[in-house]
Structure formats: structure tokens, C-alpha cells
Number of protein chains: 2
Amino acid sequence: MKASKKKKLEAAGWKVGSAAEFLELSDAEEMLVNMKVALAKKVKAMRQEKKITQQRLAKLIGSSQSRVAKLETADRSVSMELLIRSLLSMGATRAQVGSIVGTRKTKKVAKAKKKKALVKG
Amino acid sequence: MKASKKKKLEAAGWKVGSAAEFLELSDAEEMLVNMKVALAKKVKAMRQEKKITQQRLAKLIGSSQSRVAKLETADRSVSMELLIRSLLSMGATRAQVGSIVGTRKTKKVAKAKKKKALVKG
DNA sequence: TAACCATATGTCATATTCGACATATGTCAA
DNA sequence: TTGACATATGTCGAATATGACATATGGTTA
């Protein structure tokens, strides 16, 4: 991480330890966000595959349509727990959830480029 | 639902009211609890492997010793998010976290018996 | 156009989770 | 015994996540 960013955060009142320590936390936060986004996409995909509305999924998990919408857009206000509960409520297995949590998304663009490069070479 | 399951959950610190109440726990909720317990055990295992105290882990994740203790005992008041954040902060990979989330615990005794049976047969 | 349905967004009162603190328990060495 | 250290538990005010509601947006059909 850049020193300038650290300075900025410190100026804003954030207590930052060593740069290395901060890096670890930053990575953890980023991974958490990525996990949530991945889970959110799966919620939407599963719901659409089952051809049910957000309203119906909401009822299934004891929530409301608006919260389901927030879930699927990985809104800041949604917890990991609710995301996972939603998947499980739609019939996902622990293994499926674990797979989503544990799998980093690969960029399709990057993959395409790599493939092209191989063909060319 | 089997009484053995109830016992298991209670042993893990999840106080369950009446049996009838427990019966109303959905499969999804039970899976969620099991995931939390598995993650909690991993937090403790990783911390001990790194030979650091709860106090130090607390500082690493910006929390307190008491909360880390609650984390490791899978207290009701701890979120999935904090459990995962703790693992990531100690250097766990997404793949590792995913593996814990997605893997149901199998009884060693049961496994041993199965193996023995195979040998015998 | 209008009416309808699905989804997104903003707000709010309540519920849950948070860090922090006090304190209890347990272990080990002086 | 005492004291120091690690961990567990109970509580509390603050922070965050919740369901619910109103409403906006976008697509489809009459």
C-alpha cells in the first residue's frame, strides 16, 4: 500500500499500525467484500433458475422484497449470514456455499487474452 | 430430529429451549450453526498454531480478548463475518475458508468403523 | 397511452452484534 | 500460599443489520 494512502487514512482519524499490519487487514476486508459479491451473484442466479420472484424468496427466508434486492446487489447493509442463509434456504448445499466462498473470480477478459496469446504463439 | 443432534449443538454452546422449539430449527439454520462451529474451531486452531494469545489476535482484528474468546466458543453473539474476518486476518486463504464452510464434519469413529468393515469384508 | 409486475432505492424503528470492561476460572511457577 | 498470565462469561452503551414500508425505475402487455 502506498504511504500516501496511509497518511490520508491517519489524517482521517484511522489508527494504522505498521504498514504490513495494515496490508493484512486491507486484504482481509477486500476478500470479505469479494466473497459477499460472489454470494450475492449466486443468490440471484439460483433464484432466477428457480424462476421465483424476490417477493417469494423474501417470504421463504422471512424477509422483504427490498432486502432481497439489497442482498442481490451486495448492499453494504447485508450480512454474510443472510447471504448464506438465503442460499441454503433455496436448497444450496454446504459444499456449494463453500465453493463460492473459496473460489476467486477469474476475469473473463484476462482469460480470453491469455488464450489468444497461446494461439498466436 | 434426533436427540443426538440437539446434544451436539448444546455441547457447542447453543442453548436450546424446549424440544419442540428445537424441532422448528430449519435445516438451513442448523447448517449455519454447524458452519459457525467449524469456523470457530479453525480460529482457535490457527491461533494456537501461531502461538499467539487471544489478546494479540484481538489487537490484530481490532477487537478485545473477550470477544475473541466468544468467537472461539462460537458464542451466539458472534457473526459469520467476524469469524471469517479473523481467519483471513491470520493469513487464511479464501480457499481455506471455503473448505471449512463447505465441509461437513465426519466422525472419526464412524470413519474408522467403515474402514474396518471394508477390510473385514 | 395506461395498467401491471419485478426490481431497486431511501428511510426508519427495532433487533442484533460490536468493543470494552469487570470479573471468574484455571494453570503454572516462585 | 501468592502472583502473573490465559481464557471464559456477563453486562452495557454504541454501532450495525434487520424487516417493513413508501416510492422510483424499468420492462411488458393491453
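Lettering follows sequence order; numbering is per chain, from 1. Computed over heavy atoms, backbone and side chain alike; hydrogens, waters and symmetry mates excluded.
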* Spell out, as yes or no, whether a donor-acceptor pair under 3.5 Å connects the side chain of B/Arg47 to the backbone of B/Val68. => no
* Can you check whether B/Val78's main-chain N or O pairs, donor with acceptor, with B/Lys36's side chain at less than 3.5 Å? -> yes
* To do: Using a 4.5 Å cut-off on heavy atoms from C-beta on, say whether the side chain of B/Met90 contacts that of B/Val43.
  => yes
* To do: Remember a base hit wins even if backbone is also touched, and classify B/Ser64 as base, sugar-phosphate or nothing at under 4.0 Å, heavy atoms.
  =>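 B/Ser64: base contact, heavy atoms under 4.0 Å.
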* How would you label the contact of B/Ser79 with the nucleic acid (heavy atoms, under 4.0 Å): base, sugar-phosphate, or nothing? -> sugar-phosphate
* Does B/Glu29 pair with A/Arg85 as a salt bridge, N-O distance under 4.0 Å? -> no
* **Check ion pair B/Glu72-B/Lys41 (N to O, under 4.0 angstrom)** => no
Just how far, in rounded Å, is [atom2] of [N] from [atom1] of [X]?
X       : N      : atom1 : atom2 : result
A/Ile61 : D/dA20 : CD1   : C1'   : 13 Å
B/Leu71 : C/dT17 : CG    : P     : 13 Å
B/Ile52 : D/dC5  : CD1   : P     : 18 Å
A/Leu57 : C/dA6  : CG    : C1'   : 13 Å
B/Ile84 : C/dC18 : CD1   : P     : 12 Å
A/Leu82 : D/dT16 : CG    : P     : 18 Å
B/Arg85 : C/dC18 : CZ    : P     : 8 Å
A/Lys36 : D/dT16 : NZ    : P     : 12 Å

* To do: With the side chain of A/Thr53 defined as its heavy atoms from C-beta on, choose the nearest nucleotide among C/dT7, D/dG19, D/dA6.
  =>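 Output: C/dT7.
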* Asked: Stepwise, does the side chain to side chain donor-acceptor pair (under 3.5 Å) test hold for B/Gln65 with B/Gln54?
  -> CA-CA 5 Å; B/Gln65 178 270 325; B/Gln54 290 183 342; 2.9 Å; yes
* Structure fact -> Nucleotide by nucleotide, nucleotides 8-16 of chain C touches protein heavy atoms under 4.0 Å in the pattern (B base, S sugar-phosphate only, - none) BBBB-----
* Would you please test B/Asp75 and B/Thr73 for side chain to side chain donor-acceptor pair (under 3.5 Å) and show each step? => CA-CA 5 Å; B/Asp75 187 278; B/Thr73 53; 5.1 Å; no
